[in-house]
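Read the structure below first, then the notes.
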Amino acid sequence: KKPQVMKLNIAYGRQGTVKAFEVTEDQVRKGNIIGKRLGAEVDGAALGDQFEGYVFKLRGGQDTEGFPMMYGVAAPARVSLLLKRGAVGFNAFRARNGERRRKAIRGDIFGEDIAVLNVS
């Protein structure tokens with residue numbers, strides 16, 4: 001079985017740049033990231049030897065089907081919520097004023113099926 005590869009996006013806010021890396025799922029499992037919530041701080045060595053000495057803050061991610069994670073939803077799985085215009089997972093330009101729609105999003109707890117991990 002080939003090891004699953006997870007995409008790791010590291011943002012540098014001062015310059016507005018993002019650097020993308022690929023991390024194996026085994027490294028993430030060893031780092032005990034699964035079960036942590038958005039906003040938690042993680043030692044860089046948990047994501048690989050090249051990040052040793054850094055401390056990353058978990059900012060977001062997507063699951064294997066592309067559904068985004070959302071702050072404030074305490075669930076490790078996908079949930080369906082009524083969202084207003086401009087919320088995570090709901091494009092503002094596709095809605096009328098005051099319109100709300102039921103959209104599927106991920107909770108803010110990292111699970112096994114996360115494919116993209118955003119940190120800063």
| query | Can we say Asp113 and Arg78 salt-bridge, meaning some charged N sits less than 4.0 Å from an Asp/Glu carboxylate O? | reply | no
| Is the shortest heavy-atom distance from the side chain of Phe110 to the side chain of Arg37 under 4.5 Å? | no
| task | May I ask whether Leu58 and Met70 are part of the same hydrophobic cluster, defined by side-chain heavy atoms of I, L, V, M, F, W, Y residues being less than 4.5 angstrom apart, directly or through others? | result | no
| Side-chain donor-acceptor pair present, Arg102, Ser80, cut-off under 3.5 Å | no
| message | Applying side chain to side chain contact (heavy atoms under 4.5 Å, CB included) to Arg59 and Val119, what does each step give before you reach the verdict? | response | CA-CA 5 Å; Arg59 294 289 186 179; Val119 298; 5.6 Å; no
| Glu65 atom CD: more than 12 heavy-atom contacts under 6.0 Å | yes
| CA sep, side-chain torsions, deciding dist, call: Arg101, Phe90, side chain to side chain contact (heavy atoms under 4.5 Å, CB included) | CA-CA 8 Å; Arg101 286 190 197 159; Phe90 186 7; 3.8 Å; yes
| query | Quick check: does any side chain N or O of Gln15 sit under 3.5 Å from a backbone N or O of Tyr12, one acting as donor and the other as acceptor? | reply | no
| field | Backbone of Pro76 reached by a side-chain donor or acceptor of Arg106 within 3.5 Å | value | yes
| query | Looking only at heavy atoms, what is the nearest atom pair of Gly89 and Pro68, with distance? | reply | CA-CG, 4.0 Å
| query | If you round to the nearest 0.5 Å, how far is CG of Asn9 from CD of Gln62? | reply | 8.5 Å
| query | Please walk me through it: do Leu117 and Val23 pass side chain to side chain contact (heavy atoms under 4.5 Å, CB included)? | reply | CA-CA 10 Å; Leu117 183 62; Val23 179; over 6 Å; no
| Is there a side-chain contact between Leu83 and Ile105, using heavy atoms and a 4.5 Å cut-off? | yes
| task | Working to the nearest 0.5 Å, report the span between CD of Gln4 and CD of Glu22. | result | 11.5 Å
| message | Whether Glu99 and Lys84 form a salt bridge (side-chain N of Lys/Arg under 4.0 Å from carboxylate O of Asp/Glu) is what I want to check. | response | no
| field | Distance-minimising heavy-atom pair for Ala115 and Thr64 | value | CB-CA, 3.9 Å
| message | Membership question, hydrophobic clusters at under 4.5 Å side-chain separation (ILVMFWY): are Phe21 and Phe56 in the same one? | response | yes
| message | So which atom in Lys7 and which in Ala20 form the shortest heavy-atom distance, rounded to 0.1 Å? | response | CE-CB, 4.0 Å
| said: Contact between Ile10 and Phe51 at the side-chain level, heavy atoms closer than 4.5 Å - yes or no? | reply: yes
| query | Just how far is it from atom CZ of Arg100 to atom CG of Leu81, taken to the nearest 0.5 Å? | reply | 11.0 Å
| query | Is the closest side-chain heavy-atom distance between Val42 and Val55 below 4.5 Å? | reply | no
| task | Side-chain contact test, heavy atoms from C-beta onward, threshold under 4.5 Å: evaluate it for Ile34 versus Ile114 and give yes or no. | result | no
| Tyr54 with Ile33, same ILVMFWY side-chain cluster at under 4.5 Å | yes
| task | Give a yes or no answer on whether the side chain of Asp63 reaches the backbone of Gly66 with a donor-acceptor pair at less than 3.5 Å. | result | yes
| request: Could you grab the distance from atom CZ of Arg14 to atom OG of Ser120, nearest 0.5 Å is fine? | output: 11.5 Å
| message | Is there a path of hydrophobic side-chain contacts, each under 4.5 Å between heavy atoms of I/L/V/M/F/W/Y residues, joining Val73 to Tyr71? | response | no
| said: Same cluster or not: Val79 versus Ile109, using hydrophobic residues (I, L, V, M, F, W, Y) connected whenever any side-chain heavy atoms lie under 4.5 Å apart? | reply: no
| said: Could you check whether Arg85 and Asn91, counting side-chain N and O atoms only, form a donor-acceptor pair closer than 3.5 Å? | reply: no
